[in-house]
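Taking it in order: structure first as structure tokens, then the write-up.
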Amino acid sequence: MWRRTDSAATFLLMNVKTLHRTLNAGAMEAAPKLLGCVIEHHGPCGLRSGMIVETEAYTEDDPAAHSYVGRTARTDPMFRRAGTLYVYLSYGIHNCMNVATADEGRGEAVLVRAIEPIDGVEEMIRARRWKGRPLRNLANGPGKVCQALGISLEYSGQDLLTNGVVRLRPGSTPPPADVDVTPRIGITKAADWPRRFVWKRH
DNA sequence: TATTAGATTGTCT
DNA sequence: GACAATCTAATAT
């Protein structure tokens, strides 16, 4: 039972614990549940945040996962405790962000493919050098998400569940009926595995 | 609206 | 040296 005397910090801690448990269940469990959660970047230019609306699961046995070939300097954060941020460079141009979703030593993660901007939209538009146009295209792709939020390689390995520069906050996950599960995008290995989770919205 | 080519660099073989 | 968990702009319909 919630009592007024319980501090906000305690409430927050419980949330973080729950979130960690959710993430720790593995990529396939965590990917749909990350929908509705919020990514925050507390940077020098203020707060930028967005709600996750699309994810992709990468498990240990997945040939398309970076962790498949083993733990390397680059993929190391993917093997750390659930809630660790893993950022990699894609096609030599784009940064993509993932959340580790298993115990230390297991290489599972969920790729954040799209967010719906909440805070710092102006800053996101500047970061993306966005020229107006439909705002829905501001962060609807993994490379765009990182560019909009200002998340780069140097953040890889940070813990998203503590009060760092980049944080993951629990949110209200959509009911399964509102989630589309489809094959993944932009990969060649095991491309047909249904591991992409999209929050259907109107 | 749909399809296609080109950009560009870290990582692993 | 090959390849990649992508994006944009340009061209075609």
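We name chains A, B, ... by the order of the sequence lines, and we start the count at 1 in each one. Computed from a predicted model, the values in this text were never measured in an experiment.
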request  = Give the cluster check for A:V99 versus A:L85: same hydrophobic cluster or not, with ILVMFWY residues linked at side-chain heavy-atom distances below 4.5 Å.
outcome  = yes
Identify whether any heavy atom of [X] sits under 4.0 Å from a base atom; if not, whether one sits that close to sugar-phosphate; answer base, sugar-phosphate or nothing.
X: A:I185; answer: sugar-phosphate
X: A:L89; answer: sugar-phosphate
X: A:R184; answer: nothing
X: A:M97; answer: nothing

ask   = Is there side-chain contact between A:T84 and A:L160, with heavy atoms separated by less than 4.5 Å?
value = no
Would you list the protein and nucleotides 7-11 of chain C atom pairs, both N or O, that sit under 3.5 Å from each other?
residue : atom : partner : partner atom : Å
C:dC7   : OP1  : A:G141  : O            : 3.4
C:dC7   : OP1  : A:P142  : N            : 3.1
C:dC7   : OP1  : A:G143  : N            : 3.0
C:dC7   : OP1  : A:K144  : N            : 3.4
C:dC7   : O4'  : A:H94   : NE2          : 3.0
C:dT8   : OP1  : A:R128  : NH1          : 2.8
C:dT8   : OP1  : A:R128  : NH2          : 3.0
C:dT8   : OP2  : A:K144  : NZ           : 3.2

query = Any stacking of A:Y88 on C:dA5, going by centres under 5.5 angstrom and planes within less than 30 degrees?
reply =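 No, A:Y88 does not stack on the base of C:dA5.
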ask   = When you check the phosphate oxygens OP1 and OP2 of C:dA4, does a side-chain N or O of A:T188 lie under 4.0 Å from one of them?
value = yes
Write down the distance between [atom1] ([X]) and [atom2] ([N]), rounded to a whole number of angstrom.
X: A:K189; N: C:dA2; atom1: NZ; atom2: C1'; result: 12 Å
X: A:W193; N: C:dA5; atom1: CH2; atom2: P; result: 14 Å
X: A:I93; N: C:dA5; atom1: CD1; atom2: C1'; result: 14 Å
X: A:I187; N: C:dC3; atom1: CD1; atom2: C1'; result: 15 Å

query = So, A:H66 versus A:Y88, ring centres under 6.0 angstrom or not?
reply = yes
ask   = Donor-acceptor pair under 3.5 Å: do we get one between A:Y91's side chain and the base of C:dA5?
value =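 Checked by distance alone, the answer is no.
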message = Could you spell out the base pairing of DNA chain B as a dot-bracket line? Use Watson-Crick and G-U wobble contacts where both distances are under 3.5 Å, [ ] for crossing pairs, | for partners on a different strand.
response = |||||||.||||.
query = Between A:T59 and A:R195, is a side chain to side chain donor-acceptor pair (under 3.5 Å) present by the stated rule, with each step listed?
reply = CA-CA 10 Å; A:T59 50; A:R195 294 188 164 200; 2.5 Å; yes
key: Heavy-atom pair of closest approach, residues A:K33 and A:T173   = O-OG1, 3.0 Å
request  = Would you confirm whether A:R167, through its side chain, and A:G164, through its main-chain N or O, come within 3.5 Å as a donor-acceptor pair?
outcome  =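 The answer is yes, because a donor-acceptor pair under 3.5 Å joins these two groups.
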key: Under 3.5 Å: donor-acceptor pair, side chain of A:R21, backbone of A:V16   =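 Between the backbone of A:V16 and the side chain of A:R21 there is no qualifying donor-acceptor contact (under 3.5 Å).
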message = Reading DNA chain B from 5' to 3', where do the contacts with chain A start and stop? Cut-off is 4.0 Å to heavy atoms.
response = B:dA7 to B:dC12
Audit row: A:M78, A:E108, side-chain contact (heavy atoms from CB on, under 4.5 Å) steps and yes/no = CA-CA 6 Å; A:M78 212 171 154; A:E108 299 210 356; over 6 Å; no
message = Between A:R81 and A:D159, does the side-chain contact (heavy atoms from CB on, under 4.5 Å) criterion hold? Intermediate values first, please.
response = CA-CA 9 Å; A:R81 84 190 278 272; A:D159 184 0; 3.5 Å; yes
inquiry  = Between A:T182 and A:D180, is the side chain to side chain donor-acceptor pair (under 3.5 Å) condition met? List the steps.
reply    = CA-CA 6 Å; A:T182 75; A:D180 264 343; over 6 Å; no
query = Are A:E54 and A:R196 ion-paired here, with the side-chain N under 4.0 Å from a carboxylate O?
reply = yes
